[in-house]
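Atoms within a ligand are numbered from 1 in the order they appear, just like the ligands themselves.
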Amino acid sequence: MLNNIWEKIDSEEDLTKEELCCLLSLEDPEQLELLYQKADKIRKKYVGDEVHLRGLIEFSNYCRNNCHYCGIRRDNKKIKRYRMEIDEILNTAILASHMGYKTVVLQSGEDMYYTTDKLVELIKLIKNNADVAITLSIGERSYDDYVRFFEAGADRYLMRFETSNPELYAKLHPDSSFENRMNILKWLKQIGYQTGSGIMIGLPGQSIEDLAQDILKFKELDLDMIGVGPYICHQDTPLAGNPNGTVEMTLKVIALTRIVTKNTHIPATTALATLRPADGREKALQAGANVIMPNVSPVKYREFYELYPNKICIRENAKQCNSCIKRRIFSIGRTISKGYGHSLKKKMDNAIAL
Ligand code: SAM
Ligand code: FES
């Protein structure tokens, strides 16, 4: 069966769920190497050697939700909460653009302190003062909010569906439904955002079949960006004591995501680098990934955006992360994109008339 699957990958035929399960079950190092090589070849053909850098600003760790895996969940009273004010976020975005980043990612818990008007003002200020694309990653809001952010100049939106298994989704998310997440992803695309989603690998109760289904879901949703990172257990959550996801399974899913979705943007995630600081990002970039999101948040806040323990880059500043990441990219013979790194899929003019 495996020979047949390798041939299907080489001729770029669609893989079935069973075939994806077979590949996700591989353990032999030589076969895994072959899988990563095939993903790397498809990455090179469809998205080239350039790595896109997105400056990540974690602007608030307040969250109204209680996701069972997440360290900044509402009920975690042990964490010190912080919020950056609008000028501070703007100045951080300007700093990111001066460092050469052509995208800033604004990420936070679901924090309603930032009203729609405040966020609209922030998006306009960034667009008027820095030559960057803006990605939002701020969770669930109303349709009208998403339209207003888009009109103000936001280009992209990230909203992971975390798992495509609705029962597992329901167990992990007391405040939101799988159906609602899927609806929001549809809205975002319809409004005209370059839309990203993604999953965690190794969630308690997640099966190989679930992961195969997740990969098929990526294709069905026709996403522009797909983030795949390991679940890392946080001791101050209801999932305390569970094992972390593994580096190997994360790399397999990244490789298969590239093989199945071809021209999407796929980051080498911070969570993967946390489990394997020495070369996790390099491994991901050599197994299908083509994006890195260096942290540009002010150092004084970094330790508090603790989604999971031992997160990397807590003490480094934006400049140190910048040179660290460049060195890693060059060490594997890749180059850094000077462009915005927009979606390679959608025409930029197909947003609905607003
Ligand atoms: N609040 C926004 C949302 O829910 O989309 C954005 C911020 S949320 C903290 C960003 C992502 O962090 C989630 O989509 C989830 O996949 C990831 N995350 C949270 N807790 C994690 C953990 N314990 N291990 C790995 N990733 C985690
Ligand atoms: Fe922050 Fe390497 S990316 S120190």
Participant: Does Tyr157 have its ring centroid less than 6.0 Å away from the ring centroid of Phe149?
Facilitator: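 Here the rings of Phe149 and Tyr157 have centres that are no less than 6.0 Å from each other.
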Participant: Taking only Lys NZ, Arg NE, NH1 and NH2, and the carboxylate oxygens of Asp or Glu, determine whether Arg181 and Glu140 approach each other closer than 4.0 Å.
Facilitator: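 Judged by the 4.0 Å cut-off on N to carboxylate O distance, Arg181 and Glu140 do form a salt bridge.
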Participant: Should you measure from each heavy atom of Cys313, which atoms of ligand 2 turn up under 4.0 Å away?
Facilitator: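 What qualifies from ligand 2 is 1 (Fe), 3 (S), 4 (S).
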Participant: Would you say atom 15 (C) of ligand 1 makes contact with the protein, given that contact here means a non-hydrogen protein atom less than 4.0 Å away?
Facilitator: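 At least one protein heavy atom is under 4.0 Å away.
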Participant: His265 and Asn290: side-chain donor and acceptor closer than 3.5 Å?
Facilitator: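 Side-chain D/A pair, His265 to Asn290: present.
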Participant: Against ligand 1, does Ser137 come closer than 4.0 Å with any heavy atom?
Facilitator: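 Heavy atoms of Ser137 do come under 4.0 Å of ligand 1.
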Participant: Which atoms form the tightest heavy-atom contact between Arg81 and Ile72, and what is the distance?
Facilitator: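 Shortest heavy-atom contact: NH1-O, 2.8 Å.
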Participant: Side chains of Met249 and Ile208: does their closest heavy-atom pair fall under 4.5 Å?
Facilitator: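 SC-SC contact between Met249 and Ile208 confirmed.
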Participant: Is the closest heavy atom of His234 to ligand 1 under 4.0 Å?
Facilitator: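 Distance cut 4.0 Å: His234 fails for ligand 1.
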Participant: Looking at ligand 1, does Glu58 have a heavy atom less than 4.0 Å from it?
Facilitator: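 Not so, Glu58 does not reach ligand 1.
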Participant: What do we get for Cys63 next to ligand 1 when only non-hydrogen atoms under 4.0 Å count, side chain, backbone, both or neither?
Facilitator: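 Neither; nothing of Cys63 gets under 4.0 Å from ligand 1.
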Participant: I want to confirm something. Looking only at heavy atoms, which of Pro230, Ser60, Ala271, Pro309 is nearest to atom 25 (C) of ligand 1?
Facilitator: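 Looking at heavy atoms only, Pro230 sits closest to atom 25 (C) of ligand 1.
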Participant: Are Glu248 and Thr246 close enough that a side-chain donor and a side-chain acceptor fall under 3.5 Å?
Facilitator: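 Side chains of Glu248 and Thr246: no pair found under 3.5 Å.
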Participant: Specify the protein heavy atom at minimum distance from atom 2 (Fe) of ligand 2: its residue, its atom name, and the distance to 0.1 Å.
Facilitator: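 Ranked first by proximity to atom 2 (Fe) of ligand 2 is Cys324 SG, 2.2 Å.
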Participant: For Gln107 and Tyr305, does a side-chain donor sit closer than 3.5 Å to a side-chain acceptor?
Facilitator: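 Looking only at side-chain atoms, Tyr305 and Gln107 do form a donor-acceptor pair, the distance falling under 3.5 Å.
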Participant: Looking only at side chains, do Asp144 and Ser142 share a donor and an acceptor under 3.5 Å apart?
Facilitator: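 The answer is no; no qualifying pair exists.
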Participant: Between the candidates Tyr308, Tyr69, Tyr305, Phe161, which shows the shortest non-hydrogen contact distance to atom 19 (C) of ligand 1?
Facilitator: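 Ranked by closest heavy atom to atom 19 (C) of ligand 1, first place is Tyr69.
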Participant: What's the spacing between Ile184 CD1 and Ser176 OG if we round to 0.5 Å?
Facilitator: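 Between Ile184 CD1 and Ser176 OG, I get 8.0 Å after rounding to 0.5 Å.
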Participant: Considering Lys311, Arg181, His173, Arg73, which one's heavy-atom position lies nearest to atom 4 (O) of ligand 1?
Facilitator: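 The option holding the nearest heavy atom is Arg181.
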Participant: Using a 4.0 Å heavy-atom threshold (strictly under), name the region of His68 that reaches ligand 1: side chain, backbone, both or neither.
Facilitator: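 No part of His68 is near ligand 1 at this cut-off.
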Participant: What part of Arg281, side chain, backbone, both or neither, has a heavy atom within less than 4.0 angstrom of ligand 2?
Facilitator: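 Side chain only.
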Participant: What protein heavy atom sits nearest atom 4 (S) of ligand 2, and how far off is it?
Facilitator: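 Here the nearest protein heavy atom works out to Glu316 CG, 3.5 Å.
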Participant: Around atom 23 (N) of ligand 1, find the nearest protein heavy atom and jot down its residue, atom name and distance.
Facilitator: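 The answer is Ile232 O, 2.8 Å.
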Participant: Less than 3.5 Å apart, any donor N or O on the side chain of Gln206 or Asn165 sitting next to an acceptor on the other?
Facilitator: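 Short answer, no.
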Participant: Is there a side-chain contact between Tyr231 and Asn242 in this structure, where contact means two heavy atoms from C-beta onward sitting under 4.5 Å apart?
Facilitator: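 The answer is yes; the side chains approach within 4.5 Å.
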Participant: May I ask whether atom 1 (N) of ligand 1 is less than 4.0 Å from at least one protein heavy atom?
Facilitator: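 Yes, at least one protein heavy atom sits under 4.0 Å from atom 1 (N) of ligand 1.
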Participant: In terms of residue, atom name and distance, what is the protein heavy atom nearest to atom 9 (C) of ligand 1?
Facilitator: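 The protein heavy atom lying closest is Leu307 CD2, 3.3 Å.
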Participant: Could you identify the single nearest non-hydrogen protein atom to atom 18 (N) of ligand 1 and state the distance to 0.1 Å?
Facilitator: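 Answer, as residue, atom name and distance: Met200 SD, 4.0 Å.
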Participant: Does the side chain of Leu34 reach to within under 4.5 Å of the side chain of Trp6, using non-hydrogen atoms?
Facilitator: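 Counting from C-beta outward, Leu34 and Trp6 do come under 4.5 Å.
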Participant: Which of the numbered atoms in ligand 2 are below 4.0 angstrom from a heavy atom of Cys321?
Facilitator: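 Ligand 2 atoms under the 4.0 Å threshold to Cys321: 1 (Fe), 3 (S), 4 (S).
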Participant: Heavy-atom contacts with Ile325 under 4.0 Å: which atoms of ligand 2 show up? List them by number with element.
Facilitator: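 Result: 3 (S).
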Participant: Tell me whether Gly245 reaches ligand 1 (any heavy atom closer than 4.0 angstrom to a ligand atom).
Facilitator: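 Contact check Gly245 vs ligand 1: negative.
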Participant: Number the atoms of ligand 1 from 1 as they appear, then name those within less than 4.0 Å of a heavy atom of Glu162, with their elements.
Facilitator: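 With Glu162 as reference, the close atoms of ligand 1 come out as 13 (C), 14 (O), 15 (C), 16 (O).
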Participant: Run down the list Gly109, Cys70, Ser108, Gly139 and name the one with the heavy atom closest to atom 7 (C) of ligand 1.
Facilitator: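 Selected option, by shortest heavy-atom distance: Ser108.
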Participant: Indicate whether any N or O donor in one side chain lies under 3.5 Å from an N or O acceptor in the other, for Lys326 and Asn322.
Facilitator: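 Distance-only check passes for Lys326 and Asn322.
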Participant: What part of Gln107, side chain from CB on, backbone N/CA/C/O, both or neither, has a heavy atom under 4.0 Å from ligand 1?
Facilitator: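 Under 4.0 Å from ligand 1, Gln107 contributes side-chain atoms alone.
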Participant: Is there a nitrogen or oxygen of Arg160 sitting under 3.5 Å from a nitrogen or oxygen of ligand 1?
Facilitator: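 Yes, Arg160 has an N/O under 3.5 Å of an N/O on ligand 1.
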Participant: As a quick check of understanding, evaluate side chain to side chain donor-acceptor pair (under 3.5 Å) for Glu179 and Ser177, giving each step before the final call.
Facilitator: CA-CA 5 Å; Glu179 199 190 351; Ser177 75; 5.0 Å; no
